[in-house]
Amino acid sequence: MADSAVLNRAFRHVGFFYRTEDEYAATVTGFLRDGLAAGEPALAAVPPARIALLRDALGADVALVEFADMAEIGRNPARIIPRVLAFTRQHAGLRVRYVGEPAWGARSEAELREATRHEALINVAFAAADADILCPYDTAGLAPAIITDAMRTHPFLLSDGGHGTSPMYAVPPRIPSSCSLPLPAPPHDAMFHTYRTDLSEVRALVLKHARDAGLTDARASDLVLAVSEVAANTLRHTQSQGTLTIWHEPGEIVCEIHDEGRITDPLAGRRRPAPDALGGHGLWLVHQLCDLVELRSDESGTTIRMHMLVQPPPTDG
Amino acid sequence: MDLLTTSVATVESEGDPYTIVEVAGEADVTNCDSLREVLEAEVAKQPRTLIIDLSGLRFMDSSALHVILRANRAMDRQGSVLALASPREPVAKMLRLTAADQLIPVYASVREATAG
């Protein structure tokens with residue numbers, strides 16, 4: 001374990017394991033206030049109930065902290081890194097503090113896997129950043145496997161008032177193996193369609209199923225664009241056909257594209273392309289448009305599974 | 001029926017003539033080369049203003065966006081202006097999410113684009 005290599009870096013990524021709201025409020029406000037005292041801009045992206053808790057606990061300091069509703073910006077955990085990168089760019093030249101709580105008990109297994117992947121990628125995306133990142137984990141509400149993965153994705157840990165390096169954190173950073181488990185097979189009544197040259201039919205099928213599932217026109221269009229972007233990659237990057245699979249789960253519609261392409265950049269789609277970039281927009285759009293995206297890519301090909309909730313939570317926050 | 005259709009008109013207004021390219025249907029990776037040819041041909045004529053009328057465009061993917069961004073670069077180099085007019089909401093949303101709307105002016109109508 002190259003503790004010293006980690007310790008000397010300006011980037012600190014701390015997993016904070018808490019059991020009670022009091023413990024949460026005291027530690028997180030302490031972390032934020034230390035930053036404020038040093039003139040460091042602070043962003044807190046946590047679930048709505050935790051925002052309320054922190055607002056109360058911060059008192060007059062509340063005006064100095066930027067809040068974001070994690071249930072909204074982190075619904076697809078792949079959207080969190082670009083949001084935090086935007087915050088660091090906005091305050092370029094300053095050390096920043098960020099509190100991020102992407103995992104909570106009510107999230108689905110697939111969402112929690114992607115939250116874990118997001119945490120692992122924080123170590124890559126911010127390796128050169130001048131940033132203090134604190135990630136609270138509710139040990140009372142989350143399964144032990146999620147906590148264990150948090151110990152793997154955070155170089156530093158804080159619990160029961162004790163600070164230390166995580167013995168499970170690997171250098172260079174790795175994505176926990178739980179994130180690359182095979183995706184559960186689609187149900188037998190899923191719709192299959194293969195395509196090689198015509199994406200118009202792919203879009204028509206997605207639109208029909210999205211409407212059948214009860215998505216609004218706007219969100220149906222979002223899903224159509226996302227699936228079409230992924231299918232376009234099949235035509236751009238492979239010589240063979242792709243497969244579209246569509247099925248319905250309780251409360252959501254799922255569209256999956258499989259082809260023989262390969263995606264090797266773990267941060268693909270998590271960095272906003274420059275507006276005049278002539279590439280890199282495809283996966284960026286997919287992550288911005290879909291409620292959850294699962295991606296598996298190896299020698300045998302790439303599978304991208306896109307989820308859209310039938311009734312997303314209101315976004316009036 | 002073609003997935004993507006384009007038509008070009010040059011409008012002589014008092015003062016500056018401008019070119020309007022109407023794009024209709026669905027523009028994606030399978031047909032963006034034909035869009036590229038049409039736009040390159042019009043850019044080469046060095047109009048002061050080139051307006052792409054998107055009102056008939058039901059769908060656009062990032063391949064088609066890249067063709068438009070390329071045309072915008074070429075127009076920029078010539079010191080002339082490319083503008084987009086009347087995108088439907090899904091296309092307008094895509095322009096926002098990619099921030100292309102911060103690079104290329106987007107107008108609610110061709111009339112506004114010619115006034116702008």
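Values below: all heavy atoms of this structure, side chains included; hydrogens, waters and symmetry mates excluded. Protein chains get the first letters and strands the later ones, always in sequence-line order, with residue 1 at the start of each.
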If every non-hydrogen atom of [X] is compared with every non-hydrogen atom of [Y], which pair is closest and at what distance?
X: B/Tyr107; Y: B/Pro87; value: O-CD, 3.7 Å
X: B/Ala71; Y: B/Leu82; value: C-CD2, 4.3 Å
X: A/Ile73; Y: A/Ala45; value: CD1-CB, 3.8 Å
X: B/Val29; Y: A/Ala232; value: CG1-CB, 3.7 Å

| Is NZ or CZ of B/Arg48 both nearer than 6.0 Å to the six-membered ring centre of B/Tyr18 and within 45° of the ring axis? |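 Negative - B/Arg48 is either too far from the ring of B/Tyr18 or too far off its axis.
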Part of [X] lying under 4.5 Å from any heavy atom of chain B:
X: A/Ala231; value: neither
X: A/Thr197; value: backbone
X: A/Leu225; value: both
X: A/Leu285; value: side chain
X: A/Asp222; value: side chain

What part of [X] gets within 4.5 angstrom of chain A, counting heavy atoms only: side chain, backbone, both, or neither?
X: B/Leu97; value: both
X: B/Arg70; value: both
X: B/Ser63; value: both
X: B/Asp28; value: side chain

| Without hydrogens or angle criteria, can the side chains of A/His258 and A/Thr303 be said to hold a donor-acceptor pair below 3.5 Å? | yes
| field | A/His307 side chain to A/Glu111 side chain, donor-acceptor N/O pair below 3.5 angstrom | value |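 A/His307 vs A/Glu111: no donor-acceptor pair found between side chains.
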| field | Passing candidate, side chain to side chain contact (heavy atoms under 4.5 Å, CB included) with B/Ser86, options B/Ile52, B/Leu54, B/Asp53, B/Ile51 | value | B/Asp53
| note | Answer key: most heavy-atom pairs under 4.5 Å with chain B among A/Gly279, A/Ser221, A/Gly282 is A/Gly279
| query | If you count heavy-atom pairs under 4.5 Å with chain B, which of A/Leu235, A/Asp276, A/Leu199 comes out on top? | reply | A/Asp276
| said: Heavy-atom pairs under 4.5 Å with chain A: which of B/Lys93, B/Met60, B/Glu89 has the most? | reply: B/Lys93
